[in-house]
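Have a look at the structure below before the remarks.
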Number of protein chains: 2
Amino acid sequence: MAEEKTSGRRRWPEGYDPQRTRSELVASALRLFEENGFDRTSLQQIVVDANLTKGAFYHHFESKEDLLWRIQTEYLDTQLEGAQAIVEQGGDPIDQVRELIRLSLEGVAQHRPHVAIFQQERRHLTGERLAEITRRRDEVEALFRGAVQAGIDAGRLRGDVSARIVTFGILGMCAWAFQWFNPRGSLSIDDVATQFTAMVLDGLVAGA
Amino acid sequence: MAEEKTSGRRRWPEGYDPQRTRSELVASALRLFEENGFDRTSLQQIVVDANLTKGAFYHHFESKEDLLWRIQTEYLDTQLEGAQAIVEQGGDPIDQVRELIRLSLEGVAQHRPHVAIFQQERRHLTGERLAEITRRRDEVEALFRGAVQAGIDAGRLRGDVSARIVTFGILGMCAWAFQWFNPRGSLSIDDVATQFTAMVLDGLVAGA
DNA sequence: CCTTTCATACCGACTGGCTGGCATGTTAGT
DNA sequence: ACTAACATGCCAGCCAGTCGGTATGAAAGG
């Protein structure tokens with residue numbers, strides 16, 4: 001009747017990869033952070049959800065905040081890459097703005113948990129980790145602003161507005177989409193992108 | 001050397017008002033919630049900051065969540081009132097949209113703590129309290145959307161956009177302002193309102 | 001080929017600190 | 001006497017992080 005005391009590491013299944021453990025912890029955290037927030041999600045919940053233990057967690061991450069940080073950079077890096085690709089490619093600044101809006105909205109639609117966590121739990125980062133995230137976010141914003149400013153300088157966009165303010169307006173529109181956009185709803189993110197650009201570029205007043 | 005055992009209620013200063021106690025608890029919570037968030041602010045911190053005790057707190061509020069709820073309604077009610085005043089007054093729908101944007105941005109500038117708490121800590125409300133807040137927020141949004149729709153119906157705004165999407169865009173722009181707008185900075189909320197309406201109504205593309 | 005050593009990858013019990021809430025006691029006003 | 005308006009002490013529960021231990025595979029030594 002001797003109970004099998006499965007202490008220590010469990011048997012490895014074939015084709016086992018330790019990175020798998022890590023990414024399953026991230027996946028669980030992604031779900032739980034999105035649903036309940038960072039503070040209201042305990043490590044216990046995360047490791048149970050991932051069928052692991054605290055030992056496993058602290059083997060792969062320095063701390064709970066470290067995990068949060070990695071989730072944030074994961075998302076920001078893809079967005080930064082995408083934005084750089086659009087800008088470096090050059091072309092009409094108006095088209096660049098259009099594409100940047102689309103990129104931002106697609107990010108919201110395709111990476112909801114990441115966006116939710118980035119927007120709502122960023123404040124829980126501290127020190128160097130916060131600085132790092134803030135720096136990357138600023139880079140993305142700078143790319144947006146650069147495109148708008150280029151449009152103004154080229155005379156393609158009106159010159160009586162501040163690139164800074166206008167850029168914050170556009171970014172806000174896109175960021176806010178995560179609050180109301182339903183990926184399983186009837187309208188596509190493409191519709192949203194089209195209408196946002198129509199409003200921002202051509203204005204709402206009838207009869208151009 | 002007898003220590004003054006200040007148990008029970010303290011002496012009342014002249015001109016004392018129990019509502020004062022209540023509003024000081026709210027004031028402390030406002031500061032602390034804004035700075036550290038709801039979960040990371042303990043009741044201990046709040047009552048110490050207000051020079052009171054937990055007994056005082058639970059005399060005036062049902063629970064921590066109750067306090068949060070009251071802060072939220074406080075803000076939403078003023079915004080709802082303001083929006084209703086603009087809409088009921090009638091007039092050109094374009095002007096209504098303009099004024100609604102201004103109202104929203106002024107709210108962000110003048111009631112920063114309320115806005116921060118409303119945006120970031122709303123998720124911590126549950127049950128009936130959450131429903132109540134959501135209902136009021138929806139009312140405000142409906143007033144915005146109504147003005148936009150009225151503009152479209154009257155032919156003053158272009159008809160090839162969805163009032164719903166466009167309204168969410170405008171609301172997002174304004175809501176996001178709290179993330180970057182600095183009340184002590186060089187630009188006024190009036191500048192922001194002017195530029196936002198210019199962009200939304202007339203568009204960014206040069207040469208109308 | 002066998003054995004020892006070592007690093008990696010975990011396990012799970014534990015702890016000290018903190019938290020929201022409450023029961024009970026005390027004082028001022030009416 | 002009664003109520004409103006507090007003060008104070010207390011607690012059960014939870015949480016992030018730690019620590020000593022264990023299983024596994026690979027490399028090194030004999």
Side-chain angles (χ1 to χ4, degrees), chain A residues 2-26 28-29 32-33 36-70 121 124-127 129, chain B residues 2-26 28-29 32-33 36-70 121 124-127 129:
Chain A
E3 289 292 325
E4 209 179 319
K5 294 261 184 182
T6 52
S7 178
R9 191 216 268 170
R10 287 180 191 151
R11 197 164 302 278
W12 285 354
E14 48 218 302
Y16 169 81
D17 178 11
Q19 289 305 309
R20 176 68 177 266
T21 297
R22 185 201 189 80
S23 65
E24 266 171 26
L25 285 167
V26 169
S28 292
L32 292 166
F33 285 169
N36 303 74
F38 181 75
D39 276 337
R40 301 207 171 182
T41 302
S42 69
L43 285 179
Q44 211 52 244
Q45 287 178 263
I46 294 174
V47 298
V48 165
D49 189 87
N51 270 97
L52 289 163
T53 62
K54 280 197 182 179
F57 180 88
Y58 280 98
H59 177 70
H60 287 284
F61 301 96
E62 279 179 28
S63 63
K64 198 184 174 191
E65 189 186 318
D66 181 42
L67 168 61
L68 179 60
W69 182 78
R70 286 176 197 274
E121 322 293 345
H124 295 126
L125 295 175
T126 60
R129 273 189 270 257
Chain B
E3 288 293 324
E4 209 180 319
K5 294 260 185 184
T6 51
S7 179
R9 190 215 269 167
R10 286 179 192 150
R11 197 165 303 279
W12 284 353
E14 46 220 299
Y16 169 80
D17 177 11
Q19 289 305 310
R20 175 69 176 266
T21 298
R22 184 199 189 82
S23 64
E24 267 171 26
L25 284 168
V26 169
S28 292
L32 292 166
F33 285 169
N36 302 41
F38 181 75
D39 276 337
R40 302 209 170 181
T41 302
S42 69
L43 285 179
Q44 210 54 244
Q45 286 177 266
I46 294 173
V47 298
V48 165
D49 188 88
N51 269 100
L52 289 162
T53 62
K54 282 195 186 180
F57 180 89
Y58 279 97
H59 179 72
H60 286 283
F61 302 95
E62 279 179 26
S63 63
K64 197 184 173 189
E65 189 187 319
D66 180 43
L67 168 61
L68 179 61
W69 181 79
R70 287 178 197 275
E121 321 294 345
H124 295 125
L125 295 174
T126 61
R129 274 188 269 256

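Please read these numbers as outputs of a predicted model, since none were measured by experiment. Chain A is the first sequence line, chain B the second, and so forth, proteins listed ahead of strands; every chain is numbered from 1.
Under the ring pair (Phe, Tyr, Trp, His ring centres under 6.0 Å) criterion, H60(A) pairs with no residue, sequence neighbours left out. Listed by chain and residue number, E65(A), D66(A), R129(A) satisfy the side chain to side chain contact (heavy atoms under 4.5 Å, CB included) test with S63(A) (two or more places apart in sequence, or in another chain). Residues forming a salt bridge (charged side-chain N to carboxylate O under 4.0 Å, His left out) with R22(A) (at least two apart in sequence, or on another chain): none.
Sorted by first and then second residue, the salt bridge (charged side-chain N to carboxylate O under 4.0 Å, His left out) pairs involving residues 36-45 of chain A (not counting sequence neighbours) are D39(A)-R40(B), R40(A)-D39(B). Applying the salt bridge (charged side-chain N to carboxylate O under 4.0 Å, His left out) test to pairs two or more places apart or on separate chains, those with a residue in residues 41-52 of chain A are R31(A)-D49(A).
In this structure, H59(B) does not reach the dC6(D) phosphate: none of its side-chain N or O atoms is under 4.0 Å from OP1 or OP2. Within the structure, a side-chain polar atom (N or O) of H60(B) is placed less than 4.0 Å from OP1 or OP2 of dC6(D). Between T21(A) and dA9(C), a side-chain N or O to OP1/OP2 separation shorter than 4.0 Å is absent.
Atom CD of E62(A) is separated from atom C1' of dA16(D) by 15 Å (rounded to the nearest Å). At whole-Å resolution of the value, CZ in F61(B) and P in dC22(C) are 16 Å apart. Residue R20(A) contributes atom CZ, which lies 12 Å from atom P of dC10(C) at whole-angstrom precision. Look at CZ on R22(B): it is 15 Å from P on dA4(D), rounded to the nearest Å.
Looking at which nucleotide of DNA chain D each of E65(A) and F57(B) is closest to, the 5′-most match is held by F57(B).
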Restricting to nitrogen or oxygen on both sides, can you table the protein-nucleotides 16-20 of chain C pairs closer than 3.5 Å?
residue, atom, partner, partner atom, Å
dG20(C), OP1, T41(B), O, 3.4
dG20(C), OP1, K64(B), NZ, 2.7
dG20(C), OP2, L43(B), N, 2.9
dG20(C), N7, K54(B), NZ, 2.8

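One finds the CG atom of L25(B) at 11.0 Å from the NE2 atom of H59(B) (value rounded to the nearest 0.5 Å).
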